[in-house]
A.B. asks: 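Pasting a structure below so you can have a look.
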Amino acid sequence: MKKLLTGNEAVARGAYEAGITFASAYPGTPSTEILENIAPYKKDITAEWAPNEKVALESAIGASIVGARSFAAMKQVGVNVAADPLFSFAYTGCNGGIVLVSADEPGIHSSQNEQDNRYYAKFAKVPMLEPSNSQEAKDMVKSGIDISERFGTLTLLRMTTRICHSKSIVQLSEREEVEKKPYIKNPEKYATTPAYAKKMRVEIEERLKRLKEFSDETELNYFEWNDKNIGIISSGVAYQHAKEVFGNKASYLKLGFTFPLPMKKIKEFASQVETLYVIEEVEPFIEEQIKAEGINCIGKEKIPNIGELNADIIRKSLLGEDRPTIQYDSSDVVSRPPTLCAGCPHRGLFYELSKKKNIIVTGDIGCYGLGVADPLNTVDTIICMGASVSTGHGVQKALSRYNDDMRAVAVIGDSTFFHTGMNSLLDIAYNKSNTVTIILDNRTTGMTGHQDNPGTGYTLQGEEARDLDIPTLCKAIGIKHVKVVNPLQLDEVKEALDWALKLQEPSVIITRWPCVLKRHSELDKKEFGDYIGLCVVEEEKCIGCKKCIKTGCPALQFDKESKKVRIDKVQCVGCEVCVQVCPVDAIKKVGE
Amino acid sequence: MSEVKNILLVGVGGQGTILASKILSTGLIEAGYDVKMSEIHGMSQRGGSVTTQVRYGEEVYSPIIDKGQADILVAFEKMEGLRWLGHLNPNGKIVVNDYKIPSAPILTGKKDYPERIIERIEEKVNTTVLDAAGIAEGLGNARTMNIVLFGALVKAMGLTDIDWEAIIKKTVKEKFGDINIEALKSGMNSL
């Protein structure tokens with residue numbers, strides 16, 4: 001059967017066909033849909049959202065050690081979080097086959113950086129596969145498991161946004177049912193004490209030699225001979241862009257298995273073509289290794305290492321060609337930045353926080369990162385998952401040492417708090433900084449499209465689970481001052497902020513209200529009810545002061561001609577934040 | 001070898017471009033084409049620009065449409081049409097929905113929505129203007145605006161041999177089948 005699948009859907013299908021029985025991940029663009037599409041194979045695969053990527057990979061490692069085929073998926077920066085077990089597990093090696101997906105983000109569509117995770121394969125010395133379309137994405141999960149079991153190591157499957165989110169046609173196959181391999185107690189293999197690790201270190205180099213030979217033999221790396229004036233070495237989506245430009249007017253060495261590289265094949269290819277181009281997205285990972293072997297090639301000296309690659313860029317960089325486009329004035333086209341949705345529970349918090357003077361707000365990864373933008377302009381820093389809390393701690397410690405009375409306020413979402421914020425809060429309690437930590441508990445993992453987490457009461461595969469009690473947790477960690485507020489009630493928020501900023505000890509404020517886009521669970525319905533009615537402006541009362549506009553609600557528009565504000569009926573959910581902000585009571589709720 | 005054709009759909013998150021492209025790609029596969037389709041997810045749900053790129057032919061390589069290479073640009077929102085005009089082939093066509101969604105800088109009064117968008121596009125390229133929202137409301141459901149535009153798209157691309165009605169019936173919820181088929185017909189007849 002043939003189906004049009006995204007790369008992520010194809011990987012999920014590949015996990016099913018490859019006989020994988022355990023899969024774990026933490027959501028992150030562009031990888032999220034992989035586990036979401038594995039989850040329905042309930043009968044065959046245990047699929048889980050882990051609290052973070054390190055936990056996801058470590059769980060998959062455990063499943064592999066006892067002999068099951070296992071799988072983990074994460075976005076590029078997630079692999080940084082999981083790097084610790086990755087490097088050690090490269091030493092011990094696996095039992096059941098195991099594939100780790102790294103979904104990289106050239107172009108930084110929804111990330112904080114553009115790191116090229118192919119270097120992780122070289123760094124950790126594990127084999128790597130790079131699919132160039134959905135069919136390969138599916139098939140390479142199976143190849144990855146085969147390679148993993150044949151060479152006794154985890155295989156890295158490196159995807160990029162355009163592979164993850166583009167659809168192409170995939171031929172489906174049946175699932176391969178395999179028995180769990182036996183587990184035999186063997187600390188020399190699985191316990192990385194220094195004495196054993198030294199032996200493993202030697203074995204890794206032996207394994208790499210075998211993998212190099214495999215790279216030269218495997219059909220995952222193949223020649224496409226055409227005209228030999230131009231030869232192109234490429235992998236992943238860059239290969240598709242290269243074909244778009246050169247078609248059958250060049251020869252190709254298409255690499256699917258990109259670490260270790262097939263140097264014999266590369267040398268043979270280089271010797272037969274006149275000009276050799278290495279076309280790759282982001283960093284010169286392949287090019288550097290080819291040049292280190294003394295082979296001449298053209299790559300990043302012409303093709304930029306910043307941003308997503310496309311056929312236009314290749315054509316212009318290598319051939320100096322530009323194709324005609326419509327010439328027109330686009331200078332007045334206004335940007336369309338993402339905004340907090342109408343009814344977003346984060347709005348009330350940021351609105352009140354933006355009025356506080358002499359604070360530094362350390363932010364985190366999630367929708368509330370939008371608090372950095374106009375008109376809320378509240379957040380000062382965004383570093384990485386969980387960093388708001390620990391950065392806030394460092395800020396507060398340094399400020400206090402210098403007798404600066406500025407205060408640190410950390411802002412973090414529920415899922416991000418469970419990810420890596422909890423350890424940071426422990427640091428605040430232990431090392432005693434009077435940082436104010438605000439946990440924006442919107443009852444879901446919002447930015448990536450509403451995944452369950454340890455706080456929602458449900459698992460990825462829809463089972464009921466215990467919902468973590470955040471106030472109790474904070475108190476157990478050692479925070480004495482903990483308050484839960486409804487972020488749609490501005491006076492409650494204001495009061496809590498005033499309270500926390502006066503304290504000379506660490507405090508936590510939890511803003512508890514579900515994401516406005518979330519489909520309410522049974523638990524949510526009981527606690528929060530439904531949105532009823534919406535807000536309207538009484539035009540004769542509106543004085544055009546734009547105070548409500550400062551909340552950044554996209555349902556509100558200031559009309560320049562009438563100098564009044566209008567509320568879009570379609571977007572408004574009746575959260576009433578604007579009602580509370582209006583100084584002349586010109587906004588009222590109707591339809592309740 | 002049949003030439004690869006490029007369809008670019010642009011709009012704003014929540015306008016239904018994704019459903020339209022799903023129906024489109026299903027039909028193209030049933031007609032025997034190789035198809036690649038590319039979308040950018042992530043922050044688009046928060047009111048950002050949304051683009052869907054569909055490429056079809058005998059064999060498609062890149063999933064992305066280059067600048068100046070779209071055979072047709074369907075703008076679900078007119079400022080998005082102006083934003084993406086550089087991706088349209090100078091000999092291509094644009095179907096533009098005469099529909100306005102102001103972005104955040106416009107809502108707060110910091111920027112103005114561009115003027116004379118339709119006229120400016122018409123001066124440059126073969127243009128079809130549709131009041132898809134009005135047509136959809138006339139049919140009794142404003143949310144079928146996307147299928148009105150889809151109807152215009154398949155007519156403009158000469159893809160009328162494909163049984164779109166059957167595909168729509170299979171794709172949308174049963175109770176919305178008939179109204180979406182009416183929307184398809186209205187869109188096709190608008191050209």
Side-chain angles (χ1 to χ4, degrees), chain A residues 2-4 6 29-30 32-33 109-111 133 161-163 165-169 237 239-244 247 308 310-312 315 323-330 332-341 367 370 373-375 447-449 517 546 549-550 552-554 556-558 560, chain B residues 4 12-13 21-22 25-26 28-29 34-49 53-54 60-69 79-80 82-83 85-90 92 101-115 117 120-121 123-125 142:
Chain A
K2 281 185 175 175
K3 273 184 106 169
L4 189 68
T6 63
T29 310
T32 311
E33 302 83 4
H109 297 285
S110 191
S111 292
N133 59 30
T161 306
R162 290 290 171 180
I163 299 299
H165 285 170
S166 294
K167 289 188 176 185
S168 56
I169 298 169
V237 78
Y239 162 77
Q240 302 290 356
H241 298 321
K243 289 277 283 199
E244 193 68 38
E308 273 197 307
N310 61 38
D312 268 339
R315 197 177 287 109
R323 297 205 288 201
T325 57
I326 297 167
Q327 299 301 312
Y328 70 106
D329 177 16
S330 61
D332 59 349
V333 173
V334 184
S335 65
R336 206 177 278 284
T339 53
L340 294 176
C341 304
C367 293
L370 297 171
D374 231 12
M447 184 61 122
T448 44
L517 298 179
K546 296 209 258 183
I549 294 290
K550 292 205 175 76
C553 177
L556 304 180
Q557 180 172 15
F558 182 71
K560 280 191 173 170
Chain B
V4 171
V12 178
S21 60
K22 188 175 174 189
S25 54
T26 307
L28 292 169
I29 288 181
D34 185 21
V35 179
K36 281 192 180 169
M37 182 174 136
S38 190
E39 287 160 4
I40 285 297
H41 299 219
M43 300 177 99
S44 53
Q45 215 173 13
R46 324 290 167 229
S49 300
Q53 321 197 359
V54 179
V60 181
Y61 298 121
S62 171
I64 312 178
I65 300 171
D66 287 333
K67 279 187 187 153
Q69 295 303 301
M79 183 168 79
E80 293 308 309
L82 196 59
R83 190 190 313 280
L85 198 58
H87 272 68
L88 185 59
N89 188 309
I101 303 177
S103 64
I106 300 166
L107 293 175
T108 55
K110 289 204 169 174
K111 291 270 172 68
D112 292 313
Y113 195 89
E115 288 182 356
I117 289 179
R120 286 158 65 188
I121 293 173
E123 283 163 19
K124 296 288 181 185
V125 71

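Throughout, protein chains are lettered first and strands after them, A, B, ... in sequence-line order, and every chain is numbered starting at 1. Computed from heavy atoms alone, side chains included, the values below leave out hydrogens, waters and symmetry copies.
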A.B. asks: Side chain, backbone, both or neither: which part of B/Ile101 has a non-hydrogen atom closer than 4.5 Å to chain A?
C.D. replies: both
A.B. asks: Please check if the side chain of B/Ser38 supplies one atom and the backbone of A/Ser166 the other of a donor-acceptor pair under 3.5 Å.
C.D. replies: no
A.B. asks: Look up atom CG in A/Asn133 and atom NZ in B/Lys36, then write down how far apart they are to the nearest 0.5 Å.
C.D. replies: 5.0 Å
A.B. asks: Of the backbone (N, CA, C, O) and the side chain (C-beta and beyond), which part of A/Leu556 lies under 4.5 Å from a heavy atom of chain B, both, or neither?
C.D. replies: backbone
A.B. asks: If you count heavy-atom pairs within less than 4.5 Å of chain A, which of B/Val60, B/Asp112, B/Asn89 leads?
C.D. replies: B/Asp112
A.B. asks: Is A/Asp374 in contact with chain B via its backbone, its side chain, both, or neither, using a 4.5 Å heavy-atom distance?
C.D. replies: side chain
A.B. asks: Using atom types as modelled and distance alone, determine if a side-chain donor or acceptor of B/Arg120 lies under 3.5 Å from a backbone N or O of A/Tyr328.
C.D. replies: no
A.B. asks: Please look at A/Ser111 and chain B and tell me whether the side chain, the backbone, both or neither of the residue comes under 4.5 angstrom of a heavy atom of that chain.
C.D. replies: neither
A.B. asks: For chain B, find which of A/Gly552, A/Gly247, A/Pro30, A/Ser335 contributes the most heavy-atom pairs closer than 4.5 angstrom.
C.D. replies: A/Ser335
A.B. asks: Out of the candidates A/Glu244, A/Gln240, A/Arg162, only one should pair with B/Ile64 under the side-chain contact (heavy atoms from CB on, under 4.5 Å) rule; please name it.
C.D. replies: A/Arg162
A.B. asks: Against chain A, label B/Leu85 side chain, backbone, both or neither, depending on which of its atoms sit under 4.5 Å from a heavy atom there.
C.D. replies: both
A.B. asks: How about A/Ser330 and B/Pro114: do any of their side-chain heavy atoms sit closer than 4.5 Å?
C.D. replies: no
A.B. asks: Do you know which of A/Gln327, A/Lys560, A/Lys243, A/Lys550 has the most heavy-atom pairs under 4.5 Å to chain B?
C.D. replies: A/Lys243
A.B. asks: Taking only residues two or more places apart in sequence, or in another chain, which ones meet B/Pro102 in a side chain to side chain contact (heavy atoms under 4.5 Å, CB included)?
C.D. replies: A/Gln557, B/Ile106, B/Leu107
A.B. asks: Counting heavy-atom pairs under 4.5 Å to chain B, which of A/Thr325, A/Asn310, A/Asp332 comes out on top?
C.D. replies: A/Asp332
A.B. asks: Determine the option with the most heavy-atom pairs under 4.5 angstrom with chain A, choosing from B/His87, B/Lys111, B/Met79.
C.D. replies: B/Met79
A.B. asks: Heavy-atom pairs under 4.5 Å with chain A are the metric here; pick the option from B/Glu123, B/Glu115, B/Glu80 that has the most.
C.D. replies: B/Glu80
A.B. asks: Kindly compute the distance separating OG1 (B/Thr26) from CG (A/Leu4), expressed to the nearest 0.5 Å.
C.D. replies: 7.0 Å
A.B. asks: Looking at A/Val333, A/Asp312, A/Ile549, which one has more heavy-atom pairs under 4.5 Å with chain B than the rest?
C.D. replies: A/Asp312
A.B. asks: With chain A as the partner, which of B/Ser25, B/Ser62, B/Gly86 has the greatest number of non-hydrogen pairs under 4.5 Å?
C.D. replies: B/Ser62
A.B. asks: Output the option from B/Leu82, B/Thr108, B/Leu88 having the highest count of non-hydrogen pairs under 4.5 Å with chain A.
C.D. replies: B/Leu82
A.B. asks: What residues, two or more places apart in sequence or in another chain, satisfy salt bridge (Lys or Arg N to Asp or Glu O under 4.0 Å) together with A/Lys546?
C.D. replies: none
A.B. asks: Side chain, backbone, both or neither: which part of A/Val334 has a non-hydrogen atom closer than 4.5 Å to chain B?
C.D. replies: both
